[in-house]
Amino acid sequence: MRVVTTAQTPELDVQPTPLALLLLGREADPKSERGVECPGDLPSPSDPDLVARARAAKEKLGDKVFVLGHHYQRDEVIQFADVTGDSFKLARDAAARPEAEYIVFCGVHFMAESADILTSDDQKVVLPDLAAGCSMADMATAEQVAECWDVLTEAGIAEQVVPVSYMNSSADIKAFTGKHGGTICTSSNAKRALEWAFQQGEKVLFLPDQHLGRNTAVRDMGMSLDDCVVYNPHKPNGGLTAEELRAAKMILWRGHCSVHGRFNLDSVNDVRERIPGVNVLVHPECKHEVVAAADYVGSTEYIIKALEAAPAGSKWAIGTELNLVRRLANRFAPEDKEIVFLDKTVCFCSTMNRIDLPHLVWALESLAEGNLVNRIEVDKETEAFAKLALERMLALP
């Protein structure tokens, strides 16, 4: 072995920042979506008995456990889900199973929080890996949103503003929304939520995904891009003047989905050139330029239903998470439907993919042995206001 030496440099007394420790998985932020690594020993991912172990643990638990699998999960995890769906559908499914003592949510942190809010106090929600967060939800913290409200108050418009928060937000943000007279929305009912909000006030603060807010306001409700401003929590006063805030109808939080935000206009143009006659179908979390260039736009459930109804021989380029696109491509291949990922670059949701088979086996086996692990529990005050916001959404016409 050859050893290469270099000139010595003086040691610097550099302390890692809390954010650096958090990203390295060595620290926890209780007000963040991200968590820490699981305690205990995980099974080896190369263990050939993982599938059998998961089945055995699930069978031992019986009706005491209910496993939820989000559409973006790996196939190795989805095979053990009792139900699959988007985040809100899964949370409601959990609430409809009061006999299940344990709700194992194969998704991300904010989804497990929503399940805890909607289920009974007797039910315990488990997230197999506490590090399965959501980068979008992380982009709006309770402190930042409270500061934003102060800015709106100083501009003299807070009383005119109704907060509308996307389901992809933390329990703290949902609670803020409920406390300030707002509602939650999904990608399916965002238009209805905004219509309701504008009946309550003159302006909307849309959290935390700027793209869903902008696309819904402009594409679905006929507003202009000039009606929208973007509030950047990392700049003084959100990077906006009081005049800009007063003139805006939609105050969009500067947040985005790291997966859907990757698609761009070049992706659309390239796939149309490569596959003549292709239908471009994208999620409304994509950038406005992508949504404007697409043939169809809709939620995850909309995407699935559109492909179910598509004629044989049709060609589709899908702009959403790759696990789902690949699963749909395999499902509809026998029907001669060509389904491709919109971008050439492989793009999984990295945090959603933290829930792998070893973590699921560890969680199920722990529960089967009587050990409650990785419980997600929302405090009562936060739960009360968050539930109020969710109930307003459920009451939308």
Side-chain angles (χ1 to χ4, degrees), residues 68-81 83-90 106-108 111 134 136 168 186-188 190 209 211-212 215 219-220 256-353 355-357:
L68 308 176
H70 190 272
H71 285 308
Y72 297 168
Q73 288 292 300
R74 306 162 180 253
D75 287 344
E76 67 186 45
V77 171
I78 283 289
Q79 66 180 314
F80 293 104
V83 293
T84 60
D86 60 18
S87 59
F88 186 59
K89 174 183 179 296
L90 293 176
C106 297
V108 294
M111 300 178 187
C134 170
M136 180 201 295
N168 299 28
T186 67
S187 52
S188 299
D209 180 23
H211 300 306
L212 177 62
N215 289 329
R219 181 178 182 273
D220 298 336
H256 65 275
C257 170
S258 57
V259 171
H260 293 105
R262 291 179 61 94
F263 303 115
N264 54 43
L265 193 55
D266 288 341
S267 306
V268 178
N269 294 335
D270 177 73
V271 80
R272 290 197 191 281
E273 186 176 336
R274 287 188 290 112
I275 309 175
V278 71
N279 297 284
V280 177
L281 171 56
V282 303
H283 195 281
E285 289 176 19
C286 292
K287 298 172 185 174
H288 182 67
E289 63 181 29
V290 175
V291 165
D295 299 301
Y296 303 95
V297 181
S299 66
T300 304
E301 296 291 340
Y302 173 91
I303 290 172
I304 295 170
K305 289 177 181 177
L307 293 177
E308 288 174 343
S314 56
K315 303 173 183 179
W316 297 83
I318 311 299
T320 193
E321 206 273 342
L322 184 54
N323 270 319
L324 175 61
V325 176
R326 188 171 59 183
R327 191 175 300 125
L328 292 171
N330 292 334
R331 174 184 169 187
F332 293 113
E335 300 178 26
D336 193 30
K337 299 175 187 178
E338 182 181 350
I339 298 170
V340 301
F341 191 55
L342 178 59
D343 199 359
K344 289 181 178 179
T345 305
V346 173
C347 187
F348 294 101
C349 177
S350 58
T351 49
M352 193 78 76
N353 268 264
I355 309 293
D356 55 13
L357 194 50

| query | Taking it one step at a time, do V268 and V282 satisfy side-chain contact (heavy atoms from CB on, under 4.5 Å)? | reply | CA-CA 10 Å; V268 178; V282 303; 5.6 Å; no
Side chain to side chain contact (heavy atoms under 4.5 Å, CB included) partners of [X], counting only residues at least two apart:
X: A329; answer: I339
X: T84; answer: H71, I78, A81
X: R274; answer: D270, V271, K344
X: T186; answer: F88, M167, S188, N189, M393

Checking side-chain contact (heavy atoms from CB on, under 4.5 Å) for the pair V291/R219: CA distance, chi angles, key distance, verdict?
-> CA-CA 9 Å; V291 165; R219 181 178 182 273; 3.4 Å; yes
Whether [X] side chain and [Y] backbone form a donor-acceptor pair below 3.5 Å:
X: K337; Y: A310; value: yes
X: Q79; Y: E76; value: yes
X: E321; Y: N323; value: yes

Q.
I want to check something: taking the side chain as every heavy atom from C-beta on, are D209 and N168 in contact at a cut-off of under 4.5 Å?
A.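 No, too far: nothing below the 4.5 Å cut-off.
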Residues forming a side chain to side chain donor-acceptor pair (under 3.5 Å) with D86, sequence neighbours excluded: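 Partners of D86 by the side chain to side chain donor-acceptor pair (under 3.5 Å) criterion come out as none, since no residue qualifies.
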**Q.** Set of side chain to side chain donor-acceptor pair (under 3.5 Å) partners for D220, sequence neighbours left out
**A.**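 Not a single residue meets the side chain to side chain donor-acceptor pair (under 3.5 Å) criterion with D220.
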Return each pair, listed once, that meets salt bridge (charged side-chain N to carboxylate O under 4.0 Å, His left out) where at least one residue sits in residues 282-294; pairs must be two or more places apart or across chains.
->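 Non-adjacent pairs meeting salt bridge (charged side-chain N to carboxylate O under 4.0 Å, His left out): zero.
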Determine which pairs satisfy salt bridge (charged side-chain N to carboxylate O under 4.0 Å, His left out) with at least one residue from residues 292-302, sequence neighbours left out, and list them in order.
->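 Pairs touching residues 292-302 that pass the test: R272-D295.
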Can you list everything that forms a salt bridge (Lys or Arg N to Asp or Glu O under 4.0 Å) with R327? Sequence neighbours excluded, please.
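Applying salt bridge (Lys or Arg N to Asp or Glu O under 4.0 Å) to R327 gives D75.
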Any chance you could measure [X], atom [atom1], to [Y], atom [atom2], to the nearest 0.5 Å?
X: F341; Y: L328; atom1: CZ; atom2: CG; value: 12.0 Å
X: T300; Y: I318; atom1: OG1; atom2: CD1; value: 11.0 Å
X: D343; Y: L322; atom1: CG; atom2: CG; value: 10.0 Å
X: H70; Y: C106; atom1: NE2; atom2: SG; value: 11.5 Å
X: Q73; Y: I355; atom1: CD; atom2: CD1; value: 6.0 Å
X: H288; Y: L265; atom1: NE2; atom2: CG; value: 11.0 Å

For S299 and P284, work out which heavy atoms get closest and say how close.
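Between these two residues, the closest heavy atoms are N-CD, 4.0 Å.
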| request: Of all the heavy-atom pairs spanning I303 and H283, show the shortest one and how long it is. | output: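 Taking I303 first and H283 second, the nearest heavy atoms are CD1-N, 4.4 Å.
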Any side chain to side chain donor-acceptor pair (under 3.5 Å) pairs touching residues 302-313, not counting sequence neighbours?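 For residues 302-313, and leaving out neighbouring residues, the side chain to side chain donor-acceptor pair (under 3.5 Å) pairs sorted by first residue read E308-R331.
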| request: Just say parallel, tilted or perpendicular for the rings of H260 and Y72, cut-offs at 30° and 60°. | output: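 Tilted, since the angle between the ring planes falls between 30° and 60°.
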* To do: Would you please test N215 and V297 for side-chain contact (heavy atoms from CB on, under 4.5 Å) and show each step?
  => CA-CA 10 Å; N215 289 329; V297 181; over 6 Å; no
- Query: What residues, two or more places apart in sequence or in another chain, satisfy ring-ring contact (aromatic ring centres under 6.0 Å, His included) together with Y296?
  - Reply: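 Result, ring-ring contact (aromatic ring centres under 6.0 Å, His included) vs Y296: W316.
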